[in-house]
Amino acid sequence: MDERPVLCCCAVTLVLDGTTILESVDWTVHGGERWVVLGANGAGKTSLLRIASLYQHPSSGTVEVLGERLGRTDVRALRERIAFSSPALAARLEPSMTAAEVVMTARYAALAPWWHRYTDGDRDRAVALLRDWRCGALATHPFPTLSAGERQRVLLARMLMNEPGIALLDEPTAGLDIGGREELVADLASWARDADRPPIVLVTHHLEEIPPGFTHALVLKEGEHLASGPLHETVTSAVLSEAFGLRLRVDENGGRYTARL
């Protein structure tokens with residue numbers, strides 16, 4: 001496994017409108033790792049991912065992504081090397097775009113196709129990535145007309161447009177039915193098995209959505225770091241009970257996790 005850090009958060013604190021969202025969070029992701037971020041609603045998961053993706057500045061602390069420090073680098077250029085997907089970001093995409101355009105605009109971390117010039121090579125790569133994610137036939141379809149599962153696969157294809165150094169997914173199963181969720185889990189498990197894919201971070205509320213092959217977990221509680229490390233050390237009954245304030249029993253079977261009272 002590559003030991004070089006691709007993401008380093010040191011004492012990251014975020015205060016918004018007088019409310020502390022994150023407090024002194026330390027977290028490091030290395031090349032080859034596959035992370036899941038867990039915690040109750042309001043634990044700070046999405047805020048931490050927005051900081052890691054350079055869409056939010058912390059109130060204090062340092063953030064280094066791909067060897068560049070936030071505040072000392074061109075954020076717009078660095079974002080092109082970070083694959084980021086979230087329901088909020090997807091909602092901001094220009095609704096007239098086709099599936100291929102959605103993928104292609106990731107070339108410049110853009111939300112619409114009008115502000116940059118794209119080559120035939122860019123278009124060909126976008127279509128090839130759609131084929132890789134079983135969406136090749138949807139390349140010319142307007143993005144809003146796709147099913148929730150199809151849109152999510154298009155967004156996965158978009159994440160790989162620039163051969164990124166790290167991929168960050170915020171609750172990608174939101175809005176999916178059971179079938180769509182299981183397809184996505186299988187897709188992310190395939191990502192985890194592929195050594196050529198970049199390190200990935202998945203934010204979720206549900207243990208059932210941890211894909212087989214993921215290696216590490218960060219658990220947050222009320223904006224603070226509760227536990228982090230290999231899955232078998234962090235996704236446990238003791239840790240998750242403390243995180244959610246309930247007596248939980250965590251079980252693992254074939255790389256899939258469940259939690260019950």
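Values below: all heavy atoms of this structure, side chains included; hydrogens, waters and symmetry mates excluded.
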**Student:** Within the structure provided, determine whether Met161 and Asp122 are in side-chain contact (heavy-atom separation under 4.5 Å).
**Tutor:**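 A side-chain contact exists here, since the closest heavy-atom pair is under 4.5 Å.
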**Student:** Quick one, Val250 with Leu207, criterion side-chain contact (heavy atoms from CB on, under 4.5 Å). Give me CA distance, side-chain angles, the key distance, then yes/no.
**Tutor:** CA-CA 9 Å; Val250 174; Leu207 302 194; 3.9 Å; yes
**Student:** Just to verify, what does Thr20 make a side chain to side chain donor-acceptor pair (under 3.5 Å) with, not counting sequence neighbours?
**Tutor:** none
**Student:** Any side-chain heavy-atom pair from Leu155 and Pro172 closer than 4.5 angstrom?
**Tutor:** no
**Student:** Determine, step by step, whether Ser85 and Gln152 satisfy the side-chain contact (heavy atoms from CB on, under 4.5 Å) criterion, reporting the C-alpha distance in whole Å, the side-chain angles of both residues, the deciding distance to 0.1 Å, and the verdict.
**Tutor:** CA-CA 9 Å; Ser85 181; Gln152 191 56 60; 4.2 Å; yes
**Student:** Examine the side chains of Thr105 and Arg158 and answer whether a donor and an acceptor come within less than 3.5 Å of each other.
**Tutor:**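 Indeed, the side chains of Thr105 and Arg158 share at least one donor-acceptor pair under 3.5 Å.
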**Student:** Are Trp114 and Tyr108 linked, directly or through other ILVMFWY residues, by side chains that come within less than 4.5 angstrom of each other?
**Tutor:** no
**Student:** If you look only at pairs with a residue in residues 217-241, which of them pass as a salt bridge (Lys or Arg N to Asp or Glu O under 4.0 Å), with sequence neighbours excluded?
**Tutor:** none
**Student:** Considering only heavy atoms from C-beta outward, does the side chain of Leu188 approach that of Leu156 to under 4.5 Å?
**Tutor:**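 With C-beta onward as the side chain, the pair touches.
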**Student:** If we count only N and O atoms by modelled type, under 3.5 Å, do the side chains of Thr215 and Glu33 hold a donor and an acceptor together?
**Tutor:**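 Side-chain D/A pair, Thr215 to Glu33: absent.
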**Student:** More than 12 foreign heavy atoms under 6.0 Å from CG of Asp194: is that the case here?
**Tutor:** yes
**Student:** Mind checking the CZ-NE2 spacing from Arg50 to His57? Nearest 0.5 Å is all I need.
**Tutor:**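 Rounded to the nearest 0.5 Å, the CZ-NE2 separation comes out at 11.0 Å.
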**Student:** Any donor and acceptor pair, going by atom type alone, linking the side chain of Arg81 with main-chain N or O of Gly165 inside 3.5 Å?
**Tutor:** no
**Student:** List the atom of Thr28, the atom of Pro5, and the distance in Å for their closest heavy-atom pair.
**Tutor:**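 Of all heavy-atom pairs spanning Thr28 and Pro5, the closest is CG2-CB, 3.9 Å.
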**Student:** What pair of heavy atoms forms the shortest contact from Tyr118 to Ala110, and how long is it?
**Tutor:** OH-CB, 4.1 Å
**Student:** The test is salt bridge (charged side-chain N to carboxylate O under 4.0 Å, His left out); show your working for Arg153 and Glu183 and say whether it passes.
**Tutor:** CA-CA 9 Å; Arg153 292 201 298 277; Glu183 282 190 321; 3.4 Å; yes
**Student:** Using only atom types and a distance under 3.5 Å, with no angle test, would you say the side chain of Asp177 pairs donor to acceptor with the backbone of Gly180?
**Tutor:**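 Looks like yes, one N/O pair under 3.5 Å.
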**Student:** Using the rule that two of Ile, Leu, Val, Met, Phe, Trp, Tyr join whenever any of their side-chain heavy atoms come within less than 4.5 Å, decide whether Leu240 and Leu261 are in one cluster.
**Tutor:** yes
**Student:** Can you give me the closest heavy-atom contact between Ala43 and Leu22, atom names plus distance?
**Tutor:**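 Shortest heavy-atom contact: O-CD2, 4.3 Å.
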**Student:** May I have the step-by-step check of side-chain contact (heavy atoms from CB on, under 4.5 Å) for Tyr55 and Leu49, ending in yes or no?
**Tutor:** CA-CA 9 Å; Tyr55 284 95; Leu49 214 65; over 6 Å; no
**Student:** Give me the atom names and distance for the closest heavy-atom approach of Pro199 to Gly31.
**Tutor:** CG-CA, 4.2 Å
**Student:** Stepwise, does the side-chain contact (heavy atoms from CB on, under 4.5 Å) test hold for Trp191 with Leu160?
**Tutor:** CA-CA 11 Å; Trp191 182 309; Leu160 292 170; 3.7 Å; yes
**Student:** Which heavy atom of Pro58 sits nearest a heavy atom of Val63, and at what distance?
**Tutor:**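 Heavy atoms of Pro58 and Val63 come nearest at CG-CG2, 4.1 Å.
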**Student:** Would you say Leu248 ends up clustered with Val235 if hydrophobic residues are merged whenever their side chains have heavy atoms under 4.5 Å apart, either directly or through other cluster members?
**Tutor:**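 In one cluster: yes.
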**Student:** So, do Val12 and Trp27 sit near enough that their side-chain heavy atoms are less than 4.5 Å apart?
**Tutor:** no
**Student:** Provide the full list of side-chain hydrogen bond (donor to acceptor under 3.5 Å, both in side chains) pairs with a residue in residues 128-140, sequence neighbours left out, each pair given once.
**Tutor:**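 Only Arg134-Asp187 qualify under side-chain hydrogen bond (donor to acceptor under 3.5 Å, both in side chains).
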**Student:** Which donor-acceptor pairs under 3.5 Å do side chains of residues 70-77 form with protein atoms, sequence neighbours excluded?
**Tutor:**
| from | atom 1 | to | atom 2 | distance (Å) |
| --- | --- | --- | --- | --- |
| Thr73 | OG1 | Glu68 | OE1 | 3.3 |
| Asp74 | OD1 | Arg76 | N | 3.0 |
| Asp74 | OD1 | Ala77 | N | 3.4 |

**Student:** Is Arg181 paired with Glu171 through a side-chain N to carboxylate O contact shorter than 4.0 Å?
**Tutor:**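 Arg181 and Glu171: not salt-bridged.
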**Student:** Are any non-hydrogen side-chain atoms of Asp26 and His225 less than 4.5 angstrom apart?
**Tutor:** no
**Student:** Please determine whether residues Leu220 and Leu246 belong to a single hydrophobic cluster, defined as Ile, Leu, Val, Met, Phe, Trp and Tyr linked transitively by side-chain heavy-atom distances below 4.5 Å.
**Tutor:** yes
**Student:** Quick check: do Ile200 and Phe214 have side-chain heavy atoms less than 4.5 Å from each other?
**Tutor:**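 Of all side-chain heavy-atom pairs linking Phe214 with Ile200, at least one is under 4.5 Å.
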**Student:** Report yes or no: does Glu182 contribute a side-chain atom to a donor-acceptor pair with the main-chain N or O of Gly179 at less than 3.5 Å?
**Tutor:**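 It does not hold such a pair.
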**Student:** Can any side-chain N or O of Arg92 pair as donor or acceptor with the backbone N or O of Ala88 at less than 3.5 Å?
**Tutor:**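 Absent.
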**Student:** Sequence neighbours left out, what passes side chain to side chain donor-acceptor pair (under 3.5 Å) with Ser53? Give chain and number order.
**Tutor:**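 Residues passing side chain to side chain donor-acceptor pair (under 3.5 Å) with Ser53: none at all.
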**Student:** Which heavy atom of Ser228 sits nearest a heavy atom of Leu218, and at what distance?
**Tutor:** CB-CD1, 3.8 Å
**Student:** Indicate yes or no for a side-chain donor-acceptor contact from Ser59 to the backbone of Val15 under 3.5 Å, with no hydrogens or angles considered.
**Tutor:**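 Here the side-chain-to-backbone pair exists.
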**Student:** Under 4.5 Å between any side-chain heavy atoms of Phe143 and Leu138, yes or no?
**Tutor:** no
**Student:** Side-chain heavy atoms under 4.5 angstrom apart, residues restricted to Ile, Leu, Val, Met, Phe, Trp, Tyr: same cluster for Leu176 and Val185?
**Tutor:** no
**Student:** Are any side-chain N or O atoms of Glu64 and backbone N or O atoms of Gly67, one a donor and one an acceptor, separated by less than 3.5 Å?
**Tutor:**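 Pair absent, no side-chain N/O of Glu64 close to backbone of Gly67.
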**Student:** Drop me the distance from Leu129's CG to Met159's CE, to the nearest 0.5 angstrom.
**Tutor:**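 CE of Met159 is found 12.0 Å from CG of Leu129.
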**Student:** Report yes if the side chains of Leu231 and Val36 come closer than 4.5 Å at any heavy-atom pair, otherwise no.
**Tutor:**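 With C-beta onward as the side chain, the pair touches.
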**Student:** For Arg256 and Glu208, indicate whether the former's side chain and the latter's backbone hold a donor-acceptor pair under 3.5 Å.
**Tutor:** yes
**Student:** Quick one: does any side-chain atom of Asp170 pair with a main-chain N or O of Thr46 as donor and acceptor, under 3.5 Å?
**Tutor:** no
**Student:** Going by the rule ring pair (Phe, Tyr, Trp, His ring centres under 6.0 Å), which residues pair with Tyr257 if we only count those two or more places apart in sequence or in a different chain?
**Tutor:** none
